[in-house]
Amino acid sequence: KIKKKRTVENERQLIDKILRLKKEKRAVILAHYYTIPEVQQVADFTGDSLALSARAAETDAKIILFAGVHFMAETAKILSPDKKVLLPEPEAGCSLADSCSAPDFERFLRDYNGYTVVSYVNTSVGVKALTDICCTSSNAVDVIRSLPSDAKIVFAPDRNLGNYIRGVTGRDMVVWDGACGVHEEFSLEKILELKKKYPEAKVLAHPECKKTVLLAADYIGSTAALLRFASTDPADTFIVVTEAGILYRMRKENPGKTFIPAPPEDASCGCNNCAFMKMVTLDKIYRALLDESPEVVLDEEIRRKAEGSIRRMLEIGK
């Protein structure tokens with residue numbers, strides 16, 4: 001008990017130091033929904049990666065600290081070139097973004113001259129620079145439908161999201177063969193077992209999941225959309241088929257409801273948690289603010305090309 005008390009006190013002191021440094025340095029802290037709860041607690045904004053980057057660009061902060069993975073911090077720098085962008089854990093990558101390197105993608109595109117290139121925001125700055133228009137899981141269908149009906153499309157990098165969009169829109173799409181290691185591991189069999197145990201529960205799934213899993217879902221949407229659905233739907237029990245970090249926010253916003261994380265095929269592997277996201281800690285945030293490092297630095301020509309693909313997406317719906 002004494003040890004636990006000291007741990008809580010130390011954490012509180014660390015949080016106070018972070019908040020003081022943030023104020024002194026005119027910094028804004030962004031935290032993705034998948035980071036650990038204590039990291040989300042010190043953030044000015046929590047949310048999906050692109051929404052966070054866009055919101056940070058509107059602030060007068062001099063420093064953006066992104067508690068997330070590498071491509072997210074890159075996106076923040078793309079939209080805020082005059083701000084210093086810090087990534088507390090530079091080794092925090094992304095299995096999906098890593099499944100599509102810029103050199104490999106550039107070679108791939110040589111076979112698809114004349115195609116419109118649509119890339120998910122979960123990609124490196126180099127891939128975004130090769131892209132005509134970006135999308136998020138929230139607006140991917142709208143982005144595809146905004147293109148001419150006879151457009152030939154290359155979609156990267158997530159095959160599950162791409163195939164889902166192709167099924168919804170019926171468009172002519174070539175889909176890059178990449179996937180998120182977390183969403184790829186969810187098991188339809190395990191979800192159906194949970195449904196037997198909780199027959200009244202609604203299944204909420206992210207479109208990065210496999211088609212077999214999506215067929216079992218009551219609702220499919222981005223993390224932000226899943227949060228909205230959980231708050232507005234009258235059901236009181238939900239089976240959540242996405243990275244388990246989102247449950248912190250769901251439970252916080254809906255204390256009277258029950259949220260059950262869907263298990264992966266191998267329940268012992270902990271694969272419904274993104275190991276990269278969990279690498280970001282309060283200690284690393286404090287050190288990054290103190291040293292103003294590690295800083296994200298981008299080649300300006302590549303940054304401008306990548307920004308164009310994001311700006312074209314943001315114009316849709318205006």
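Model, not experiment: these values are computed from the prediction.
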Fill in the blank from the handout: Tightest non-hydrogen contact, residues Val125 and Glu74, listed as N-OE1, 2.8 Å
Problem - Salt bridge Glu200-Lys195, side-chain N to carboxylate O under 4.0 Å - result: no
Exercise for the section: Kindly state whether the ring of Phe108 and the ring of Trp176 have centres lying under 6.0 angstrom apart. Expected result: yes
Exercise for the section: Check the surroundings of atom NZ in Lys25: do more than 12 heavy atoms from other residues, nucleotides or ligands lie under 6.0 Å from it? Expected result: yes
Handout entry: Lys77 side-chain N/O to Leu298 backbone N/O, donor-acceptor pair under 3.5 Å
Key = no
Practice task
Answer whether the closest heavy-atom distance between the side chains of Val241 and His206 falls below 4.5 Å.
Solution key: no
Handout entry: Cationic N near anionic O, under 4.0 Å, Lys305 to Glu301
Key = yes
Exercise for the section: Please state whether the rings of Phe238 and Phe229 are parallel, tilted or perpendicular, taking 30° and 60° as the class boundaries. Expected result: perpendicular
Handout entry: Other residues, nucleotides, ligands: >12 heavy atoms within 6.0 Å of Lys257 NZ
Key = yes
Practice task
Drop me the distance from Leu147's CG to Arg145's CZ, to the nearest 0.5 angstrom.
Solution key: 12.0 Å
Practice task
Look at Arg166 together with Asp172 and state whether they make a salt bridge at an N to O cut-off of under 4.0 Å.
Solution key: no
Problem - Side chain to side chain, Ser53 and Ile78, heavy atoms closer than 4.5 Å - result: no
Exercise for the section: Would you check if there is a donor-acceptor pair between the side chains of Ser309 and Thr131 at a distance under 3.5 Å? Expected result: no
Handout entry: Contact summary for Phe259 and Leu247, nearest pair of heavy atoms
Key = O-CD2, 3.6 Å
Exercise for the section: Please assess Asp44 against Arg55 for the test salt bridge (charged side-chain N to carboxylate O under 4.0 Å, His left out), listing each intermediate value before the final yes or no. Expected result: CA-CA 10 Å; Asp44 295 285; Arg55 196 161 186 182; over 6 Å; no
Fill in the blank from the handout: salt bridge (Lys or Arg N to Asp or Glu O under 4.0 Å) test vs Lys202 passes for just one of Asp218, Asp233, Asp236, namely Asp233
Practice task
Determine, for Asp16 against Arg12, whether the closest basic-nitrogen to carboxylate-oxygen distance falls under 4.0 angstrom.
Solution key: yes
Practice task
Treat each ILVMFWY residue as a node, draw an edge where side-chain heavy atoms are under 4.5 Å apart, and state whether Tyr120 and Val154 are in one component.
Solution key: no
Practice task
Would you check, one step at a time, whether the test side chain to side chain contact (heavy atoms under 4.5 Å, CB included) holds for Ile153 with Ile144?
Solution key: CA-CA 8 Å; Ile153 301 164; Ile144 296 298; 4.0 Å; yes
Exercise for the section: Report yes or no: does Ser80 contribute a side-chain atom to a donor-acceptor pair with the main-chain N or O of Asp82 at less than 3.5 Å? Expected result: no
Exercise for the section: Verify the distance criterion only: is there a donor paired with an acceptor across the side chains of Asp104 and Ser101 at less than 3.5 Å? Expected result: yes
Practice task
Might you point out which heavy atoms bring Gly68 and Ala92 nearest each other, and give the distance in Å?
Solution key: O-CB, 3.9 Å
Practice task
Could you pull out the closest heavy-atom pair between Asp177 and Arg159, with the gap in Å?
Solution key: OD1-NH1, 2.7 Å
Problem - Presence of salt bridge, Glu315 and Arg312, under 4.0 angstrom - result: no
Exercise for the section: Report yes if the side chains of Thr116 and Lys152 come closer than 4.5 Å at any heavy-atom pair, otherwise no. Expected result: no
Problem - Polar side chain donor-acceptor pair, Tyr198 to Thr258, under 3.5 angstrom - result: no
Exercise for the section: Kindly indicate whether the side chain of Val118, heavy atoms from C-beta on, has any atom under 4.5 Å from the side chain of Asp132. Expected result: no
Problem - Nearest non-hydrogen partners of Thr123 and Ala97, listed with the distance - result: CA-CB, 4.1 Å
Handout entry: Under-4.0 Å salt bridge between Arg287 and Asp291
Key = yes
Practice task
Taking all non-hydrogen atoms of both residues into account, name the closest pair between Leu50 and Met313 and its distance.
Solution key: CD2-CE, 2.8 Å
Problem - side chain to side chain contact (heavy atoms under 4.5 Å, CB included) between Lys128 and Cys134, worked out - result: CA-CA 7 Å; Lys128 289 183 178 73; Cys134 274; 3.9 Å; yes
Practice task
Would you check if the side chain of Asn139 reaches a backbone N or O of Asp142 as a donor-acceptor pair within less than 3.5 Å?
Solution key: no
Handout entry: Within one Ile-Leu-Val-Met-Phe-Trp-Tyr cluster: Val85 and Phe276, side-chain cutoff 4.5 Å
Key = yes
Handout entry: Heavy-atom donor-acceptor pair, Lys210 side chain to Glu184 backbone, under 3.5 Å
Key = yes
Exercise for the section: Please name the residue in the list Val39, Val69, Ile36 that meets the side-chain contact (heavy atoms from CB on, under 4.5 Å) test with Met277. Expected result: Val69
Handout entry: Criterion side chain to side chain contact (heavy atoms under 4.5 Å, CB included) on Lys197 and Glu193, from CA distance to verdict
Key = CA-CA 7 Å; Lys197 187 174 181 181; Glu193 288 175 4; over 6 Å; no
Handout entry: Over-ring placement of Lys17 relative to Tyr286, 6.0 Å and 45° cut-offs
Key = yes
Problem - same_hphob_cluster(Ile310, Ile316) at 4.5 Å side-chain heavy-atom cutoff - result: yes
Practice task
Take Thr212 and Leu214, measure what side chain to side chain contact (heavy atoms under 4.5 Å, CB included) needs, and give me the verdict at the end.
Solution key: CA-CA 6 Å; Thr212 52; Leu214 296 181; over 6 Å; no
Practice task
From the options Arg249, Gln40, Gln41, His32, select the one residue that forms a side chain to side chain donor-acceptor pair (under 3.5 Å) with Thr46.
Solution key: Arg249
